[in-house]
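These notes concern the structure reproduced below.
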Amino acid sequence: MQAEILFYVIIGILVIQYAIDLVLTLLNAARFGDPIPAEVDDVFDETEYKRSQQYKKENFRFGLLSSAFSLIITLAFLVFGGFEWVDQFLRAQVQHPVGLALAFFGLIMLGSELVSM
């Protein structure tokens with residue numbers, strides 16, 4: 001029962017982190033259309049500022065898609081035993097505990113980078 005509780009706590013943490021990040025991102029995106037503040041009006045060019053805001057909007061849309069996809073992949077990896085499969089695979093290859101930990105996290109980070117590309 002203890003492992004099951006930990007499993008749900010991990011899933012809860014991932015979902016809560018995603019929700020908080022989403023709220024903060026949406027709050028930031030609500031300000032993308034704002035004009036240049038008067039304090040820095042002489043520093044920024046109006047056309048460059050508008051191009052920058054347009055870039056932020058496109059980057060925002062891609063970020064929403066990317067983070068949702070990453071959450072889905074991570075949850076699927078948890079639910080379908082992907083971490084256990086990686087652990088069992090590496091235990092057959094690496095005997096030293098420190099090497100095992102390094103190989104495990106290295107393989108997980110490599111997979112994460114491939115998915116994020």
Side-chain angles (χ1 to χ4, degrees):
M1 188 69 170
Q2 187 77 342
E4 186 175 322
I5 292 172
L6 183 61
F7 177 75
Y8 289 119
V9 166
I10 291 171
I11 289 178
I13 289 171
L14 289 172
V15 170
I16 289 170
Q17 177 192 4
Y18 175 77
I20 290 171
D21 186 47
L22 180 63
V23 168
L24 293 175
T25 303
L26 290 173
L27 287 173
N28 282 332
R31 297 300 210 175
F32 286 162
D34 288 355
I36 298 175
E39 295 84 18
V40 293
D41 190 24
D42 58 335
V43 176
F44 288 105
D45 180 40
E46 182 74 26
T47 57
E48 287 297 320
Y49 182 75
K50 287 183 179 180
R51 280 184 41 201
S52 171
Q53 296 298 68
Q54 186 63 31
Y55 175 78
K56 285 182 183 180
K57 287 178 186 177
E58 294 299 321
N59 201 20
F60 162 73
R61 291 182 192 126
F62 180 73
L64 286 179
L65 180 66
S66 175
S67 63
F69 182 72
S70 178
L71 177 69
I72 290 169
I73 293 295
T74 303
L75 290 177
F77 212 67
L78 273 170
V79 170
F80 296 118
F83 290 104
E84 180 183 359
W85 180 82
V86 170
D87 182 57
Q88 289 175 356
F89 171 76
L90 289 175
R91 282 185 189 275
Q93 310 299 322
V94 180
Q95 303 303 317
H96 195 272
V98 174
L100 179 64
L102 289 173
F104 180 81
F105 287 112
L107 192 59
I108 295 298
M109 287 174 45
L110 177 65
S112 174
E113 287 299 315
L114 289 175
V115 167
S116 68
M117 276 201 249

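Put simply, the side chain of R51 does not reach to within 4.5 Å of the side chain of Q54, judged on heavy atoms. Looking at heavy atoms from C-beta onward, Q53 lies in side-chain contact with Y49 at the 4.5 angstrom threshold.
For D87, the salt bridge (charged side-chain N to carboxylate O under 4.0 Å, His left out) criterion is met by R91, not counting sequence neighbours. Considering only residues two or more places apart in sequence or on other chains, E113 meets the salt bridge (charged side-chain N to carboxylate O under 4.0 Å, His left out) condition with none of them. For K50, the salt bridge (charged side-chain N to carboxylate O under 4.0 Å, His left out) test picks out E46, with sequence neighbours left out.
Hydrophobic clustering, with ILVMFWY side chains joined whenever heavy atoms are under 4.5 angstrom apart, groups F7 together with L71. Hydrophobic clustering (side-chain heavy atoms under 4.5 Å, transitive across Ile, Leu, Val, Met, Phe, Trp, Tyr) groups I5 together with I13. Residues Y8 and L78 are members of one and the same hydrophobic cluster, defined by side-chain heavy-atom contacts under 4.5 angstrom among Ile, Leu, Val, Met, Phe, Trp and Tyr. The hydrophobic cluster containing I72 does not contain F77, counting ILVMFWY residues as joined when their side-chain heavy atoms lie under 4.5 angstrom apart, directly or transitively. Under the 4.5 Å side-chain heavy-atom criterion for Ile, Leu, Val, Met, Phe, Trp and Tyr, V15 and F80 are members of the same hydrophobic cluster.
For T25 (side chain) and D21 (main-chain N/O), a donor-acceptor pair under 3.5 Å exists by modelled atom type.
Applying side-chain contact (heavy atoms from CB on, under 4.5 Å) to I20 and the options V23, L22, I16 leaves one that passes, I16.
Atoms OG1 and CZ, from T74 and F69 in turn, are 9.5 Å apart once rounded to the nearest 0.5 Å. Rounding to the nearest 0.5 Å places CG of L90 at 11.0 Å from CZ of F105. The CZ atom of F89 lies 7.5 Å from the CG atom of L107; values are rounded to the nearest 0.5 Å. Here L75 contributes atom CG and I10 contributes atom CD1; the two are 11.0 Å apart, rounded to the nearest 0.5 Å.
The aromatic rings of F104 and F83 lie tilted to each other, with the angle between the two planes from 30° to 60°.
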